[in-house]
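Just follow the structure's listing: the first ligand is 1, and inside any ligand the first atom is 1. FYI, side chains are in, hydrogens and waters are out, and symmetry mates aren't considered; it's all heavy atoms of this structure.
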Amino acid sequence: MDRRAQILAGLQAIEARIAAACAAAGRSRDEVTLVAVTKTFPAVDVGHLAALGVRDIGENRDQEAAAKTAECARLGLAGLVWHFVGQLQTNKARSVTSYADVLHSVDRLRLVAALDKAADGHGRVVTCLVQVDLEEGRDAGRGGAGPAEVLDVAAAVAAADRLRLGGVMAIAPLGSEPEAAFARMAAVAAQVRAAHPDASMVSAGMSADLEAAVAAGATHLRVGTAILGSRPPLG
Ligand SMILES: *Cc1c(COP(=O)(O)O)cnc(C)c1O
């Protein structure tokens, strides 16, 4: 099977899962955006996705994303929406705000200030999601603001000139029930929306747990493996 056919098969399987999850949750398919996470896969795969109608593309490492977005521009791929979903370091603010349209992992005040300044330097406005830490022990290091800090970070994003508060993002902790974790996330998302009515994005759900995320109100699913195949181990 050629690569495009392989990606099409992955997309069709994911579409069927999303449609079933929306139906089970009594939600419309239009409420959910699929973000294809292309980390470790080449720019030509982004081209296949675009040809198959997927415009929202996710990356998790700045160096790889910077190179891939440039390569996609050289390939003439237009109209893509780039989502940065990985952990963000303050010293990468300048780089990520040059190419990313949506940052899913904004989790501390110092980072908000750096992103605002960097986006201003590029003359861009960048949508930010506040990453909510769903770990109960807070030691796994997958990032995120604790439930007590989320509203402060959201307020700082909303007040920043060059940042737009989109909503929240979460990753279900490894080895726990995604339903319980996503229920905590939904409660935090509702608090953020109460303070910022336009902040309606909820980024949650990956290849393994997208059904639970749709049931909990996710608006953006971040799916890699189930569309593109398994990734080589991180080296
Ligand atoms: C890699 C990644 C995903 C996609 O994970 P899959 O299990 O491959 O679907 C989603 N979210 C984040 C933050 C990621 O780093």
Ile14 side chain near Leu210 side chain, heavy-atom distance below 4.5 Å: yes

Protein contact of atom 9 (O) of ligand 1 - nearest heavy atom, named by residue and atom, plus distance: Ser207 OG, 2.5 Å

For Val223, the ligand 1 atoms whose distance to one of its heavy atoms is below 4.0 Å: 9 (O)

Identity and distance of the protein heavy atom lying nearest atom 15 (O) of ligand 1: Lys39 NZ, 2.7 Å

Side-chain (Arg61) to main-chain (Lys39) donor-acceptor, under 3.5 angstrom: no

Distance-only donor-acceptor check, side chains Thr38 and Glu59, under 3.5 Å: yes

Heavy atom of the protein closest to atom 13 (C) of ligand 1 (residue, atom name, distance): Val85 O, 3.4 Å

Minimum side-chain heavy-atom gap Asp120-Asp161 below 4.5 Å: no

Under 3.5 Å side-chain donor-acceptor pair for Asp62 and Ser95: yes

Polar proximity ligand 1 side, Val37 side, N/O cut 3.5 Å exclusive: no

Interfacing atoms of ligand 1 (cut-off 4.0 Å, heavy-atom, Gly224): 4 (C), 6 (P), 8 (O), 9 (O)

Check against salt bridge (Lys or Arg N to Asp or Glu O under 4.0 Å), Arg74 and Glu71: CA-CA 5 Å; Arg74 270 195 299 277; Glu71 176 67 10; 2.7 Å; yes

Protein contact of atom 10 (C) of ligand 1 - nearest heavy atom, named by residue and atom, plus distance: Met206 SD, 3.2 Å

Min heavy-atom dist His104 to ligand 1 below 4.0 Å: no

Protein contact to atom 11 (N) of ligand 1 [nearest heavy atom, distance to 0.1 Å]: Arg222 NE, 2.9 Å

Under 4.0 Å to a heavy atom of Thr225 - the qualifying atoms of ligand 1, by number: 6 (P), 7 (O), 8 (O), 9 (O)

Sub-4.5 Å side-chain heavy-atom contact between Leu88 and Val96: yes

